[in-house]
Amino acid sequence: LLAHGGSFIGGSKSDMADMCENLAKMGYVAVSMQYRLLDIADPTLFVNIGLGFQKEVVRAMHDMKAAIRFLRKSAIDNGNPYGINPDLIIVGGSSAGAILANHVTYLDQMSKVPTALTTYVNDQGGLEGNSGNSGFSSVPQMVVSMCGAIMDTTWMEPGDQPYVGIHNLGDNVVPNLAGQPNVGLPIPVTLMGDSLMYKRSLTVGITSAYKSYPGDAHCDFPASSAKFLTDFMHEQICLTDLSALTNGDMSLVTVYPNPTKDLFYIDVPANNLNWTVSIVNTIGQEVLK
């Protein structure tokens, strides 16, 4: 479940379409979501712009949590039309979308909410919010952060979900270390970027990976960064003991490497299902079964 960037004032779910398509080709069910954005035409926003952006993160969190619940509801109540495993939902995003995903994953208790936001969060329906699809869990199983950050790395605690991040070392929009984001003007809120999130994950024992790239551009990553992220995802969800899943009716099948010109492997769960594997060519002819 991916969220677009745009500094919480712009962007669209269509921005993540290419990444979703590439993930779908690898066997993931990939969803790009829309979330509420700030209205920069609202003059009250600039009375306390720092607090205004923090409140926007809360609203966006509620929307992502509702999207997670929607996916689980579709699997459990509506015949699973998207073919997902509701026990394995990964959230992620780019820039603001990564900030959003990080907060959905690790801001998981009211006791962690900054004092200045407590009343607002309670008025908006608590951490779960009022965005819909109640009655289902909104907890993701992993977070993918591309030039993202979090307000407080101490929210990341032992036993929390795996984390993988990439970031430009001198990012001039979202800080890679600790600093204020800049959306054309500095926002007076301190964020801790992916490098500090990774440091925290190592300190508390969260399974994690991080890679930095040179330069002060924002989200300027080489094509190889995609493989870095998907290798970590594959290691966590495809090469683990599937008996730990709570939903025994779901299963994962992995084919790798992809693409390949010669040898490849097919991983299937060790269960009692009768598996049939067919290989077809590009015009639909079966060449091996």
Min side-chain heavy-atom separation Val143-Val104 under 4.5 Å: no

Derivation and outcome, side-chain contact (heavy atoms from CB on, under 4.5 Å), residues Met146 and Ser95: CA-CA 6 Å; Met146 295 171 283; Ser95 189; over 6 Å; no

Donor-acceptor pair, side chain of Asn172 and main chain of Ala217, under 3.5 angstrom: no

Side chains of Val31 and Leu2 in contact at under 4.5 Å (non-hydrogen atoms): no

Separation of Glu56 CD from Asp39 CG (nearest 0.5 Å): 10.5 Å

Backbone N/O of Thr118 and side chain of Asn122: donor-acceptor pair under 3.5 Å: yes

Flag for Ser278-Glu286: side-chain donor and acceptor within less than 3.5 Å: yes

Value rounded to 0.5 Å, distance of CG in Leu229 from CD1 in Ile166: 4.5 Å

Cluster link Ile150 to Ile187, ILVMFWY, side chain under 4.5 Å: yes

Shortest non-hydrogen contact between Leu51 and Ala116, atoms and distance: CD1-O, 4.0 Å

Leu191 versus Pro181, closest heavy-atom pair with distance: CD1-CG, 3.8 Å

Hydrophobic cluster membership, Leu71 vs Val29, 4.5 Å side-chain cutoff: yes

Rounded distance (nearest 0.5 Å) linking atom CE of Met192 with atom CG of Asn176: 13.0 Å

Leu1 vs Ile90, side-chain contact (heavy atoms from CB on, under 4.5 Å): CA-CA, chis, key distance, verdict: CA-CA 6 Å; Leu1 176 62; Ile90 303 170; over 6 Å; no

Gap between atom CZ of Phe136 and atom OG of Ser74 - 0.5 Å precision: 9.0 Å

Derivation of the side-chain contact (heavy atoms from CB on, under 4.5 Å) call for Leu127 and Met110: CA-CA 7 Å; Leu127 286 177; Met110 278 300 299; 3.9 Å; yes

Side-chain touch Val164/Tyr210, heavy atoms, less than 4.5 angstrom: no

Side chain Arg69, main chain Gly132, donor-acceptor under 3.5 Å: yes

Shared hydrophobic cluster for Val47 and Val58 (ILVMFWY, side-chain gaps under 4.5 Å): no

Presence of salt bridge, Asp108 and Lys112, under 4.0 angstrom: yes

Cluster overlap Val280 with Val277, hydrophobic side-chain contacts below 4.5 Å: no

Any Ile49 side-chain heavy atom under 4.5 Å of Val189 side chain: no

Nearest-0.5 Å distance that lies between atom OG1 in Thr230 and atom CD in Glu235: 11.5 Å

Pairwise side-chain contact, Phe232 with Thr207, heavy-atom cut-off 4.5 Å (strictly under): yes

Distance-only polar pair, side chains of Ser138 and Glu128, donor-acceptor under 3.5 Å: yes

Side-chain touch Met233/Leu23, heavy atoms, less than 4.5 angstrom: yes

Nearest heavy-atom neighbours spanning Ala75 and Ile84: CB-CG1, 3.9 Å

Backbone of Met156 reached by a side-chain donor or acceptor of Asp160 within 3.5 Å: no

Arg36 (side chain) donor-acceptor with Asp63 (main chain) under 3.5 angstrom: no

Heavy-atom donor-acceptor pair, Gln180 side chain to Ala178 backbone, under 3.5 Å: no

Trace of the side-chain contact (heavy atoms from CB on, under 4.5 Å) decision for Gln109 with Glu157: CA-CA 12 Å; Gln109 299 174 32; Glu157 299 175 316; 3.6 Å; yes

Under-4.0 Å salt bridge between Lys227 and Asp231: yes

Any donor-acceptor N/O pair, Asn168 side chain to Pro214 backbone, under 3.5 Å: yes

Within-4.5 Å side-chain heavy-atom neighbours: Tyr35 and Leu100: yes

Selection residues 60-113 - residue pairs positive for ring-ring contact (aromatic ring centres under 6.0 Å, His included), sequence neighbours left out: His103-Trp155

Partners meeting side chain to side chain donor-acceptor pair (under 3.5 Å) with Tyr163 (sequence neighbours left out): Asp194

Shared hydrophobic cluster, Val139 / Leu107 (ILVMFWY, side-chain heavy atoms < 4.5 Å): no

Least distance between heavy atoms, Ser7 atom then Ala96 atom: N-CB, 3.7 Å

Heavy-atom pair of closest approach, residues Cys147 and Asp171: CB-OD2, 3.7 Å

Side chain proximity check, His167 to Tyr213, heavy atoms < 4.5 angstrom: no

Non-hydrogen atoms of Phe228 and Ala209 that approach each other most closely: CZ-CB, 3.8 Å

Check: Gln161 side chain, Gln141 main-chain N or O, donor-acceptor pair, under 3.5 Å: no

CG/Asp123: more than 12 non-hydrogen atoms of other groups inside 6.0 Å: yes

Between His4 and Ser12, a side-chain donor and acceptor under 3.5 Å: no

Nearest-0.5 Å distance that lies between atom CG in Asn102 and atom OG1 in Thr153: 11.5 Å

Ile40 atom CD1, neighbour heavy-atom count above 12 within 6.0 Å: no

Side-chain donor/acceptor of Asn182 to backbone N/O of Gly184, under 3.5 Å: yes

